[in-house]
Chemist: 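Handing you this structure, nothing more for now.
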Protein chains: 2
Amino acid sequence: MDQAAGRRREPTMRDVAALAGVSTKTVSRVINDQPGVGPEATERVRAAAHTLGFRPNLTASSLRRSDRRSATLGVLFEDLSNPFDSALLRAVEDRARSSGVLVLTGSDEDDPRLQRELLALLASRRVDGMIVMAVGGHQDALQQERERGTPMVLVDRPPTFANTDSVTTTNRESTREAVLLLASLGHRRIGFLGDRQALWTSQQRYTGYLEGLAHAGLTLREDLVMTDLRGPDAAEAATATLLDLAQPPTALFTAQNLLTLGAMRTLRDRRLHHRIALIGFDDFPLADMLEPSVTVIRQDVPAIGRTAAELILARIEGDQAPVVHAVIPALLISRGSGEIPPQPD
Amino acid sequence: MDQAAGRRREPTMRDVAALAGVSTKTVSRVINDQPGVGPEATERVRAAAHTLGFRPNLTASSLRRSDRRSATLGVLFEDLSNPFDSALLRAVEDRARSSGVLVLTGSDEDDPRLQRELLALLASRRVDGMIVMAVGGHQDALQQERERGTPMVLVDRPPTFANTDSVTTTNRESTREAVLLLASLGHRRIGFLGDRQALWTSQQRYTGYLEGLAHAGLTLREDLVMTDLRGPDAAEAATATLLDLAQPPTALFTAQNLLTLGAMRTLRDRRLHHRIALIGFDDFPLADMLEPSVTVIRQDVPAIGRTAAELILARIEGDQAPVVHAVIPALLISRGSGEIPPQPD
DNA sequence: ACCGGTTACGTCAACGTTGACGCAGGAGGA
DNA sequence: TCCTCCTGCGTCAACGTTGACGTAACCGGT
């Protein structure tokens, strides 16, 4: 047995047919459970297939079939090593596998060039449909792919173009809810740390923040808002800046999980983590093990993934229903850090 | 534009050929950068392909080519939503993409039936090779697949059968090192919490524990060893059991990241987290944000993934070198919890 | 005995692409 | 001048499978 080259030729339907003494078409019928084959012929084919270890070649099959199905889905996320993305992938995968569908994956790092390239690689493998996290900025590549007729569902962020399903979460509403919670505890100076404003989710969360302030009768203080923070280190520095203000915030809202970590780090360094309230968007492992435990807004990632998978599978089956923009509710999980009242100076 | 059905027919080489006024073979040559086409014909083909939006059908191509390559790899891990697995996937993916190869994924949940099923699904899509985390117990399905000639590399756990590459880490050596560190601080009663002993990694880590004790001149106390723990809850209970002994351990070694979390939870509940030393196998996010920060053995996940991908790609290219069992060194990261000296009772 | 229908197969071509091979025309050498 | 080689194409068949269609045998009814 070699490691690689000299790979044994896989047995084909022709081989099975020869051994069973029937035509390849009959083998095809048996393999695909189609009617029109007698019980003994069926048995002979089954036996032959088993002794030869025959496995149908799905690429040849999908080439020839009229529906062209490859029973393969493309999944294009920002970064599959991110817990949010990988949990989403897992949910998609589970739902897909129950339909015998496998998943071809890619990480585009939110880079339009990379996304376009990966889209092309998926397309040349003729996946039946794609579940994609759109990159920030314009979605030209996605739109072009969609206009070619590729079934597509966007997750996490909706399309900027027409006629494409999406699954997102209650970014705005849940953020508003969190801000209202803080305000109800008496906080008047609530800081906001946000991701890149080019991202739709960031904009939504910021809008929710503004709405929350308005509902609580608070006026926006621009100096308490820091956006376009990329990663925990930026959030760490931004938090320090806010705390150094003459009138520092008594509560913080962090609009993304990495930013939550950065903010926590600064609060901890300054021994303020029990004195300044903190609510973060996105749950993360161990949030409940920290001191104080971190209050977060948790997206229902399994539901998002399952919904996206169900949508795309239905579209692939030919579902012609009007476009769907599903919104999966997120949940505010109170753990302690968000319930700290404002502290006297 | 419909959502799904009535999917536009993708343009083929025939369409391009017709528009460019050449034969399909000439189109094929241009697309594949093969020689034997004049500059103007090349230009006409390029233009035609561009205006039609032609993209080669890789499934048809791989069916016909002599090497049968589909430029697709199968990756079969235990659970893609686990941070270790997803980081590994990401590393594999990056290395593969630099060769234009895409990855077809699956999670087998350490279930032999599921693994066999997913293996078959990957095989019927004729992936060029597979990177697999073997399930605990016997590896029959893997071995059979391997014996059919499928190029294969195992990660995290080595094969129990011949002639198959693997990439693992220094489970035994690093565990020994950790135990020696604890012993050097004066610990005499070091507890061990282990995963299912059916897993190779668990056995290795347990062996390392034994070796560490022996090197330190300590005798094994069986009552301090708890194995076959599944998940954090089991570890939590096991830790409680150990602490309730007449002579409880003064230090703990947890052989897997979920077990580390469970042990930490119990230590914290009993307010012993600053009095009992703890070292865990596998790093995890936020380990540095806890109090005390958790000393861990960190596997070099990117290196493992990259190495596995390079191995499989080389084998696919026909590399006939003898079997490789790569071992990637893990690193002990001292953060505090592992440096707590034994406390007087 | 004859007809219409059904059952259980088989034959053939085609899906989109590429390997093997063929061929015309021009360049270059004897 | 003729032969050879090379360049730049084209033709054809085949990869493994399945849709469309053909057909022989048999059934029941008249």
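Chain naming here is simple, since letters A, B, ... match the order of the sequence lines and numbering starts at 1 in each.
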Chemist: How large an angle, rounded to 10°, do the end axes of the helix from C:dA1-D:dT30 to C:dA30-D:dT1 enclose when each is built from five base pairs?
Modeler: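 Inter-axis angle at the termini of the helix from C:dA1-D:dT30 to C:dA30-D:dT1: 50°.
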
Chemist: Using a cut-off of strictly less than 4.0 Å, decide whether B:Ser28 has a side-chain nitrogen or oxygen near OP1 or OP2 of C:dT18.
Modeler: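 Yes, B:Ser28 has a side-chain N/O under 4.0 Å of OP1/OP2 on C:dT18.
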
Chemist: Taking atom types as modelled and ignoring hydrogens, do the side chains of A:Arg125 and B:Thr72 form a donor-acceptor contact shorter than 3.5 angstrom?
Modeler: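 Indeed, the side chains of A:Arg125 and B:Thr72 share at least one donor-acceptor pair under 3.5 Å.
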
Chemist: Is the phosphate of D:dA14, meaning OP1 or OP2, less than 4.0 Å from a side-chain N or O of B:Arg65?
Modeler: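 Negative; the distance criterion is not met.
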
Chemist: Please confirm whether any donor atom in the side chain of B:Arg64 sits under 3.5 Å from an acceptor in the base of C:dT17, or the reverse.
Modeler: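 Per atom types, no contact qualifies.
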
Chemist: Has the side chain of A:Arg29 got a donor or acceptor that lies under 3.5 Å from a partner of the other kind on the base of C:dG10?
Modeler: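 Pair found.
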
Chemist: Output yes when at least one side-chain N/O atom of A:Ser61 is less than 4.0 Å from OP1 or OP2 of D:dT17, else no.
Modeler: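 So the side chain of A:Ser61 is outside the cut-off, no N or O lying under 4.0 Å from OP1 or OP2 of D:dT17.
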
Chemist: State, with a plain yes or no, whether a side-chain heavy atom of B:Val45 is found less than 4.5 Å away from one of B:Val37.
Modeler: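 With C-beta onward as the side chain, the pair stays apart.
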
Chemist: Side-chain N or O of B:Asn32 versus OP1/OP2 of C:dT18: is the shortest distance under 4.0 Å?
Modeler: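 It does, given that an N or O in the side chain of B:Asn32 lies less than 4.0 Å from OP1 or OP2 of C:dT18.
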
Chemist: Can you tell me which nucleotide in D:dC9, C:dC9, C:dG19 comes closest to the side chain of B:Val37?
Modeler: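 Nucleotide nearest to B:Val37's side chain: D:dC9.
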
Chemist: Just by distance, with hydrogens left out, do B:Asp79 and B:Ser107 show a side-chain donor and acceptor under 3.5 Å apart?
Modeler: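 No, because no side-chain N or O of B:Asp79 sits under 3.5 Å from a partner of the opposite role on B:Ser107.
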
Chemist: Of the candidate nucleotides C:dT11, C:dC15, C:dG19, which contains the atom at the shortest distance from the side chain of B:Gln34?
Modeler: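 Closest nucleotide to the B:Gln34 side chain: C:dG19.
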
Chemist: Measure from the side chain of B:Thr26, starting at C-beta and using heavy atoms only, and say which of D:dT18, C:dA20, D:dC9 lies closest.
Modeler: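 Nearest listed nucleotide: D:dC9.
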
Chemist: Does the side chain of B:Arg14 get closer than 4.0 angstrom to OP1 or OP2 of C:dC15 through an N or O atom?
Modeler: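 B:Arg14 to C:dC15 OP1/OP2: side-chain N or O found under 4.0 Å.
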
Chemist: Starting from C1' on C:dA14, measure out to NZ on A:Lys25 and report it in whole angstrom.
Modeler: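 That distance rounds to 13 Å.
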
Chemist: Taking the side chain of A:Arg68 as its heavy atoms from C-beta onward, which of C:dC15, D:dG19, D:dT17 lies nearest to it?
Modeler: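 For A:Arg68, the side-chain atoms sit closest to C:dC15.
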
Chemist: Within the pair A:Thr12 and D:dC15, is there a side-chain N or O less than 4.0 Å away from OP1 or OP2?
Modeler: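 False: A:Thr12 side-chain N/O out of range (4.0 Å or more) of D:dC15 OP1/OP2.
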
